[in-house]
Q: 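Input: one structure, supplied below.
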Amino acid sequence: MNKSIAGFFLSAALIPTLLMAEPQAVGPINFGGGLNMATLATLIPDGDSPDMCNCSPEINGAMSGRNGSDRFIDRPISSNSVTSIQRVYSSTVSWKVNKAIIASSYDKIMVATSDVSPVWLVISSRNYAYNHYNYVTMNGKVIIAGDSFLENVRTYDIALRERNLSDAFTVGAATGGINPRGKYQIVANNYYLMANVQISTEFEHLQHLTTYYASKILFSPLNNFSSMTFQRYIDYNTNEGEEITGLGSIYGGDFKNSVNVFKPASIGEISWTNSLDLPSNGGDFQFTEVVKGFGCIAPRTLANTGQFYVFLAKDGLRIWDGGRQSRLQQSESARIISNDIKPLIDDLIRSGRYKSAVGIYYPKKEQYWLSIEHPNRFPRGKNNYVLMYDFQTGKWFPQCNFLADSFTVADNQDDTGQLFYGDSNDGYVHKLDVDTRSDDSRKEISLDVMDSSFTWVGSTVNVVEIFEGSASLKLS
């Protein structure tokens with residue numbers, strides 16, 4: 001018998017059997033597994049998705065639409081991106097907490113000191129454009145440091161609601177005081193520390209009187225950030241060629257005070273029991289390199305949850321607990337959390353776009369929010385893509401139409417844990433995760449006007465034939 005005819009009769013004989021077979025249950029599929037870009041589409045688990053947008057995980061493992069956003073103030077700071085934003089606090093007496101939101105855009109630093117009908121007030125202008133500032137509070141004052149080395153470190157008094165900034169450091173030959181400028185700063189147990197610094201003995205950092213130290217940490221006397229001297233410093237592997245990329249501190253558990261110092265391929269620790277001071281003054285600090293092999297390559301992705309850090313390393317986004325669990329088993333205290341989005345993160349690092357990445361921990365929902373520049377989204381050249389990592393499920397969820405160049409959280413006394421972001425495309429500050437504005441998206445869209453041919457591929461420009469016409473665009 002011909003083989004094709006035999007196959008036909010065999011198939012015909014099996015059809016009734018298949019039709020009478022008991023159906024196999026499939027689902028329900030809730031897609032609560034989040035975004036999975038690292039697995040072939042045919043092999044992705046049922047709960048994952050190769051692409052998604054504006055989804056949020058539920059406690060039961062299901063998925064729902066995300067909450068919306070709202071402008072903090074209807075008036076923009078400027079027409080440029082909001083490069084830094086911070087919720088700041090100070091207290092001069094135990095029962096009163098002063099609060100404000102400080103933000104910067106282009107060459108201005110603004111403050112909003114009220115949550116009821118807030119307005120932006122200019123406290124500094126004609127600064128270095130597009131500077132990324134970081135803010136810490138000590139002795140009732142906000143210390144403001146930029147990452148460009150082109151401006152002095154300055155302070156702002158929240159309680160007095162000043163309309164200007166003051167210089168942070170006292171300089172003078174009699175006191176030995178210096179005027180450092182630093183990229184990273186932290187306050188730990190009433191000590192002020194600054195890292196990756198440029199030092200001068202003058203208010204103006206003239207070239208012949210200024211020295212840059214990429215691996216140096218300066219520290220102040222107890223409760224006195226304004227008195228910085230040449231003598232109080234720590235060097236961290238100055239000959240290895242890497243610069244310090246961040247500072248952090250996780251308290252508790254080991255009966256000592258400590259500050260972690262991050263570099264791209266290592267992490268150090270400053271620790272002390274009695275005081276962070278010179279040995280001649282009774283100080284007992286020690287400096288130890290606690291991690292070799294990974295570190296933080298994108299300073300603005302570094303976030304502190306209070307139990308561990310989150311940051312972008314050379315091999316992906318990592319969490320690290322400060323080495324507190326077991327220094328003998330490093331794998332238990334550090335792991336990569338970006339395996340499901342590995343192609344996206346690998347491209348981000350390879351292309352160099354990781355330098356603009358920014359992230360924050362959102363305690364209210366136990367989430368990490370990351371904003372990056374995606375190569376296939378608009379506007380190009382700016383952060384245009386936001387992903388949210390949920391620590392309860394261990395999964396990533398893209399949040400579309402958010403253009404974030406900076407984040408902050410209002411999570412101190414009498415605050416609700418509100419998440420804010422500064423826009424990367426214009427001068428607005430937005431509230432995120434607003435449950436009264438469910439699943440909204442920006443009403444604006446970004447269009448590439450094709451003015452620049454830098455990103456064109458295999459194209460030619462026709463300058464001979466001119467075509468005129470009109471077009472319309474409908475949004476619904």
Side-chain angles (χ1 to χ4, degrees), residues 88 90 92 102 109 123-124 126-128 131-160 162 164-236 238 243-244 246-247 249 257 259 261 268 270 272 274-287:
V88 293
S90 72
T92 54
I102 297 182
I109 301 176
I123 55 176
S124 182
R126 297 183 181 180
N127 299 297
Y128 178 70
N131 208 352
H132 291 110
Y133 296 97
N134 58 86
Y135 311 85
V136 297
T137 303
M138 187 175 184
N139 298 340
K141 294 186 177 181
V142 181
I143 308 172
I144 305 173
D147 62 359
S148 65
F149 295 126
L150 296 176
E151 297 169 6
N152 285 338
V153 178
R154 291 163 291 175
T155 64
Y156 175 74
D157 194 314
I158 308 174
L160 297 180
E162 297 173 324
N164 58 356
L165 302 180
S166 303
D167 287 311
F169 305 121
T170 302
V171 180
T175 61
I178 58 174
N179 182 27
R181 297 174 180 178
K183 290 188 177 183
Y184 314 108
Q185 55 179 354
I186 192 173
V187 174
N189 290 86
N190 298 314
Y191 292 98
Y192 173 76
L193 296 90
M194 174 189 288
N196 197 332
V197 297
Q198 180 176 286
I199 298 177
S200 177
T201 56
E202 304 291 333
F203 278 109
E204 297 296 332
H205 278 217
L206 302 177
Q207 185 174 0
H208 65 286
L209 297 173
T210 302
T211 308
Y212 172 59
Y213 301 95
S215 298
K216 189 181 290 293
I217 308 107
L218 302 175
F219 57 90
S220 75
L222 183 68
N223 282 320
N224 187 6
F225 67 84
S226 64
S227 179
M228 304 292 281
T229 65
F230 279 114
Q231 290 75 29
R232 293 186 177 90
Y233 73 90
I234 299 170
D235 283 327
Y236 180 13
T238 57
E243 67 177 60
I244 293 173
L247 298 172
S249 183
N257 309 297
V259 170
V261 185
I270 306 168
W272 67 97
N274 296 320
S275 66
L276 176 59
D277 205 340
L278 301 173
S280 58
N281 295 334
D284 62 345
F285 74 85
Q286 293 183 334
F287 185 85

Q: Can you see which heavy atom on S90 is nearest to which on A159, and at what distance?
A: OG-N, 4.3 Å
Q: Starting from the C-alpha separation in whole Å, work towards a yes-or-no answer on side-chain contact (heavy atoms from CB on, under 4.5 Å) for T201 and F230.
A: CA-CA 10 Å; T201 56; F230 279 114; 3.8 Å; yes
Q: Is there a side-chain contact (heavy atoms from CB on, under 4.5 Å) between I158 and V142? Walk through the geometry before answering.
A: CA-CA 7 Å; I158 308 174; V142 181; 3.5 Å; yes
Q: Between I199 and L218, is the side-chain contact (heavy atoms from CB on, under 4.5 Å) condition met? List the steps.
A: CA-CA 10 Å; I199 298 177; L218 302 175; 4.0 Å; yes
Q: Can you tell me how far CG of N164 sits from CD1 of I109, rounded to the nearest 0.5 angstrom?
A: 11.5 Å
Q: Test your reading of the model: is there a side-chain donor-acceptor pair from D235 to the backbone of T238, 3.5 Å cut-off?
A: no
Q: For Y184 and I244, which heavy atoms make the closest approach, and how far apart are they?
A: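 Scanning both residues, the minimum pair turns out to be CE1-O, 3.0 Å.
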Q: If you take all heavy atoms of V187 and T137, which pair is closest and at what distance?
A: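 Of all heavy-atom pairs spanning V187 and T137, the closest is CG2-O, 3.8 Å.
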Q: Is a side-chain donor-acceptor pair under 3.5 Å present for Y212 with N196?
A: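 Yes - a donor-acceptor pair under 3.5 Å links their side chains.
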Q: Would you say that I217 contacts V259 through its side chain, given a criterion of any heavy-atom pair below 4.5 Å between the two side chains?
A: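 The answer is no, as the side chains (C-beta and beyond) never meet within the 4.5 Å cut-off.
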Q: What I'd like to find out is whether the side chain of D167 reaches to under 4.5 Å of the side chain of R154, using heavy atoms alone.
A: yes
Q: Check the orientation of W272 and Y191. Use parallel for under 30°, tilted for 30 to 60°, and perpendicular for over 60°.
A: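 Rings of W272 and Y191: perpendicular, over 60°.
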Q: For F287 and V261, run side-chain contact (heavy atoms from CB on, under 4.5 Å): C-alpha distance rounded to whole Å, both residues' side-chain angles, the deciding distance at 0.1 Å, then the answer.
A: CA-CA 10 Å; F287 185 85; V261 185; 4.1 Å; yes
Q: Could you give the distance from CD (Q231) to CD1 (I178), rounded to the nearest 0.5 Å?
A: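 It comes to 8.5 Å.
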Q: Which heavy-atom pair separates I102 from Y156 by the least distance, and what is that distance?
A: CD1-CD2, 4.1 Å
Q: Any chance you could lay out the ring pair (Phe, Tyr, Trp, His ring centres under 6.0 Å) test for F219 and F285, step after step, and finish with the verdict?
A: CA-CA 11 Å; F219 57 90; F285 74 85; 5.6 Å; yes
Q: Nearest 0.5 Å, please: how far is CD1 in I186 from CD1 in I143?
A: 11.5 Å
Q: Taking the side chain as C-beta and beyond, is there a heavy-atom pair between F225 and Q185 under 4.5 Å?
A: no
Q: Please check if atom OH in Y233 has more than 12 non-hydrogen atoms from other residues, nucleotides or ligands closer than 6.0 Å.
A: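 Not more than 12 within 6.0 Å, no.
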Q: Quick one: pull up OG1 in T210 and CD in E204 and give me the separation to the nearest 0.5 Å.
A: 9.5 Å
Q: For A168, is there any backbone N or O sitting under 3.5 Å from a side-chain donor or acceptor partner on N152?
A: no
Q: Tell me whether N223 contacts the main-chain N or O of N139 through its side chain, where contact means a donor paired with an acceptor under 3.5 Å.
A: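 Between the backbone of N139 and the side chain of N223 there is no qualifying donor-acceptor contact (under 3.5 Å).
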Q: Rounded to the nearest 0.5 Å, what separates atom CD in E243 from atom NZ in K183?
A: 4.0 Å
Q: Quick check: does any side chain N or O of N179 sit under 3.5 Å from a backbone N or O of S200, one acting as donor and the other as acceptor?
A: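 No, N179 side chain to S200 backbone: no donor-acceptor pair under 3.5 Å.
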Q: On a heavy-atom basis, which atom in V153 and which in F169 lie closest, and how many Å separate them?
A: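 Where V153 meets F169 most closely, the heavy atoms are CB-CE1, 3.6 Å.
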Q: Using distance alone, with no hydrogens and no angle criterion, decide if N127 and S124 have a side-chain donor and acceptor under 3.5 Å apart.
A: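 Per modelled atom types, N127 and S124 side chains form a pair under 3.5 Å.
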Q: State, to 0.1 Å, how close N224 and S226 come at their nearest heavy-atom pair, and which atoms those are.
A: OD1-OG, 3.0 Å
Q: How many angstroms lie between atom CD1 of I270 and atom CD1 of I234, to the nearest 0.5 angstrom?
A: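 Atom-to-atom, I270:CD1 and I234:CD1 are 4.0 Å apart.
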Q: Please answer whether the main-chain N or O of Y128 pairs with a side-chain N or O of E151 as donor and acceptor at a distance below 3.5 Å.
A: yes
Q: Taking N131 for its side chain and D147 for its backbone only, find out whether a donor-acceptor pair lies under 3.5 Å.
A: yes
